[in-house]
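So the structure is just underneath, and the comments pick up after that.
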Amino acid sequence: MRLHPKPQAFPLDMLTVNRAGPEHLSRQLYHGLVAIIRSRALAPGSELPSTRALAAELGLGRNTIVSAYDQLVTEGYLANRRGARPVIVDLPDGPRETPAEVPPVPLRAPSRRGQQLLSQPCHHGRPGHVAFHPGMPDASSFPFGVWGRLVARRASHGGETLFGTYDVTGHPALKEAIAGYLYSARGVRCRPEQIVVTTGAQAAFDLLARLLLDPGDTVWMEEPGYYGAKAAFTVAGAKILPIPVDQERGWRLDAPDFSPRLIYVTPACQHPLGITMRMEERLRLLDIAETANAWVIEDDFDGEYRFQGRPVPAIQSMDRSGRVIYVGTFAKLLFPALRLGFMVLPIELAGRIVNALSTTGQFAPLLLQAALADFITEGHMSRHLKRMRRIYAQRRQLFREIVTERLRDEITLSPAEAGIQVVGYLREGIDDIKVSQAAAKRAINVSPLSKYFQNTAPTQGLVLGYAACDAAQTREGVERLAAAIRETLG
């Protein structure tokens, strides 16, 4: 510490306090003293007035001065000396504010991986803009009263087991419940120890991309396909090759030229087209994966909501070599903000996953997991799902009728078999990006179909979620969408 050789007059005029202000007087004094020290109005090594002297000058209580001085000592602005007044520490200059006329020095750019992360597409919508947010379930129909009681019960009786970072692969009761549900509803064959609970499906894709892919590895992925999964694989350094998918021909699995390290598919309800993978395509997919020794990620997107026949069994149920990883989420079944999903891993991978989860922090709150386990085992989820299938079937029919009647010249709806959204193909000459922007100004939340194409020429259309809208909201939403299209057409 360097002591200043000559005493300096204390710049009392730089200290002002407002007794009527919302900030405590000691904090006001603290900020004023920091300004004096940082501006070097008093040189390093200068003594501050005694607490009694400064209290008398400012008309403040001595304890107010002591509090401000103590904070400055704690933060390293002042140094205490036994039997003497505190002195100003000789601090480095630190950053200075740049004058307005001087251009700021550009910050260092993020890493290449960081730039990839920052450039990925996303679509989260806004509160209240439920028409026609793709994949948005009807939150107003969820039994929040039941859910609240289950959470409160677990919070009251959870003990230490629910309030630490234990069971990072998932709460044992929830893993048991998921295993039972998957077997009865989707034909998935697994033991509870193969299940890993995640903070949603996207967290699973991010973790799997880091676990299974090296930079330069090839990923086969549907086109059009889910851009969230593609983002995770891209940021991991993978090379994405498209598997073309369309309404008439389904999955064209022979298209990519390079052997894949990983294949990503949404076979139960293709996202975004809503079609279901046929048995011959499923068998062909497994054969390709066997030949290439590739992993398969089966994203069970909206698999529970099928409106023609029963939900189809998962590809995982046909896997005999332990290469299919099944990923699911409760976002559509319950509500998206719950942020709970899961993946079913092969035994050998599941046994080592704890280290990866601990490193990434991608494990979900145990309190919510325990409440969800109760929600499933006590039958609330099956009753809720049965009710929502009935409601969504009605809303799906009404939505198709209204759009066909009101927008028959602008939009052709796809004959989707499953899911709580549908693709509307736009008439030639209508730009889906411009329509989505015009719709957003009218509080209508639609996703442009072209965003789901990354490697091939995009098709112009809109991905339209109908599940969260009742009859009145659907009619009003279609009218606003019609106005958005008219604006786009000029």
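Quick note: residue numbers are just sequence positions, from 1.
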Original post:
Closest approach of Leu340 and Gln369, non-hydrogen atoms and distance?
Top reply: CD2-CG, 4.2 Å
Subject >> Short side-chain to backbone donor-acceptor contact, Thr199 and Phe363, under 3.5 Å >> reply: no
**OP:** Verify the distance criterion only: is there a donor paired with an acceptor across the side chains of His380 and Arg383 at less than 3.5 Å?
**Re:** yes
**OP:** Evaluate salt bridge (Lys or Arg N to Asp or Glu O under 4.0 Å) for Lys451 paired with Asp432, printing each intermediate quantity in order.
**Re:** CA-CA 9 Å; Lys451 185 165 67 172; Asp432 60 4; over 6 Å; no
Original post:
Any side-chain heavy-atom pair from Tyr181 and Leu385 closer than 4.5 angstrom?
Top reply: yes
**OP:** Have a look at Trp251 and tell me which of Glu280, Gln270, Glu222, Glu281 forms a side chain to side chain donor-acceptor pair (under 3.5 Å) with it.
**Re:** Glu222
**OP:** Might you confirm whether atom CD of Glu405 has over 12 heavy atoms from other residues, nucleotides or ligands at distances under 6.0 Å?
**Re:** no
**OP:** Indicate the ring-plane relationship of Phe342 and Phe330, choosing parallel, tilted or perpendicular according to the 30° and 60° boundaries.
**Re:** tilted
Subject >> Flag side-chain contact, heavy atom, 4.5 Å: Ile178 against Lys175 >> reply: no
Subject >> Atom of Ala468, atom of Pro137 and distance for their closest heavy-atom approach >> reply: CB-O, 3.5 Å
Original post:
Is the side chain of Gln194 donor-acceptor paired with the backbone N or O of Val344 at a distance under 3.5 Å, no angle test?
Top reply: no
Original post:
Does a side-chain N-to-carboxylate-O contact under 4.0 Å join Arg261 and Asp214?
Top reply: no
Subject >> Arg475 and Leu398: CA distance, side-chain angles, deciding distance, side-chain contact (heavy atoms from CB on, under 4.5 Å) verdict >> reply: CA-CA 9 Å; Arg475 291 190 178 91; Leu398 178 65; 4.1 Å; yes
Subject >> Backbone N/O of Ala393 and side chain of Gln397: donor-acceptor pair under 3.5 Å >> reply: no
**OP:** Would you indicate whether the side-chain heavy atoms of Thr360 and Arg210 approach each other to under 4.5 Å?
**Re:** yes
Original post:
Has Phe163 got more than 12 heavy atoms of other residues, nucleotides or ligands less than 6.0 Å from its CZ?
Top reply: yes
Original post:
Do NZ/NE/NH1/NH2 and the carboxylate oxygens of Glu479 and Arg406 come within less than 4.0 Å?
Top reply: yes
Original post:
Stepwise, does the ring pair (Phe, Tyr, Trp, His ring centres under 6.0 Å) test hold for Tyr452 with Tyr227?
Top reply: CA-CA 6 Å; Tyr452 296 80; Tyr227 50 79; 5.1 Å; yes
Original post:
Where do Val403 and Leu481 land on the side-chain contact (heavy atoms from CB on, under 4.5 Å) test, with the steps shown first?
Top reply: CA-CA 10 Å; Val403 171; Leu481 180 57; 6.0 Å; no
Subject >> Backbone N/O of Ser141 and side chain of Arg387: donor-acceptor pair under 3.5 Å >> reply: yes
Subject >> Salt-bridge contact Arg153-Asp374 (side-chain N to carboxylate O under 4.0 Å) >> reply: yes
Subject >> Check: Pro415 main-chain N/O paired with Gln247 side-chain donor or acceptor under 3.5 Å >> reply: no
**OP:** Measure from the side-chain N and O atoms of Glu176 to the backbone N and O of Ala173, and report whether any donor-acceptor pair falls under 3.5 Å.
**Re:** no
Original post:
How far apart are the C-alpha atoms of Glu378 and Arg149, what are their side-chain angles, what is the distance that settles it, and do they pass the salt bridge (Lys or Arg N to Asp or Glu O under 4.0 Å) test?
Top reply: CA-CA 13 Å; Glu378 294 177 14; Arg149 289 193 295 274; over 6 Å; no
Subject >> Verdict with reasoning, Thr266 to Tyr264, per side-chain contact (heavy atoms from CB on, under 4.5 Å) >> reply: CA-CA 7 Å; Thr266 54; Tyr264 169 88; 3.4 Å; yes
**OP:** Answer whether the closest heavy-atom distance between the side chains of Ile297 and Leu208 falls below 4.5 Å.
**Re:** yes
Original post:
Which is it for Ile430 and Gln460 under the side-chain contact (heavy atoms from CB on, under 4.5 Å) test, yes or no, and what are the steps along the way?
Top reply: CA-CA 7 Å; Ile430 302 178; Gln460 296 295 307; over 6 Å; no
Subject >> Donor-acceptor pair, side chain of Glu298 and main chain of Ala314, under 3.5 angstrom >> reply: no
**OP:** Using a strict 4.0 Å threshold on nitrogen-to-oxygen distance, state whether Arg323 and Glu290 make a salt bridge.
**Re:** yes
**OP:** Could you go through the salt bridge (Lys or Arg N to Asp or Glu O under 4.0 Å) check for Arg395 and Asp138 one step at a time?
**Re:** CA-CA 11 Å; Arg395 291 184 177 182; Asp138 180 21; 3.2 Å; yes
Subject >> Note, Thr459 side chain near Pro224 side chain (heavy atom, < 4.5 Å) >> reply: no
Original post:
Under the 3.5 angstrom rule, does the side chain of Glu193 hit a backbone N or O of Ala350 as a donor-acceptor pair?
Top reply: no
**OP:** Could you tell me whether Asp319 and Arg189 have a side-chain N and a carboxylate O separated by less than 4.0 Å?
**Re:** no
Subject >> Residues, nucleotides or ligands: over 12 heavy atoms within 6.0 Å of Arg320 CZ >> reply: yes
Original post:
Is a side-chain N or O of Gln362 found less than 3.5 angstrom from the main chain of Thr198, in a donor-acceptor match?
Top reply: no
**OP:** Examine Phe335 together with Phe375 and report whether their ring centres are nearer than 6.0 Å.
**Re:** no
**OP:** Give the ring-plane orientation class for Tyr226 versus Phe301, where under 30° counts as parallel, over 60° as perpendicular and anything between as tilted.
**Re:** tilted
Original post:
Is there a donor-acceptor pair closer than 3.5 Å between any side-chain N or O of His171 and the backbone N or O of Ala371?
Top reply: no
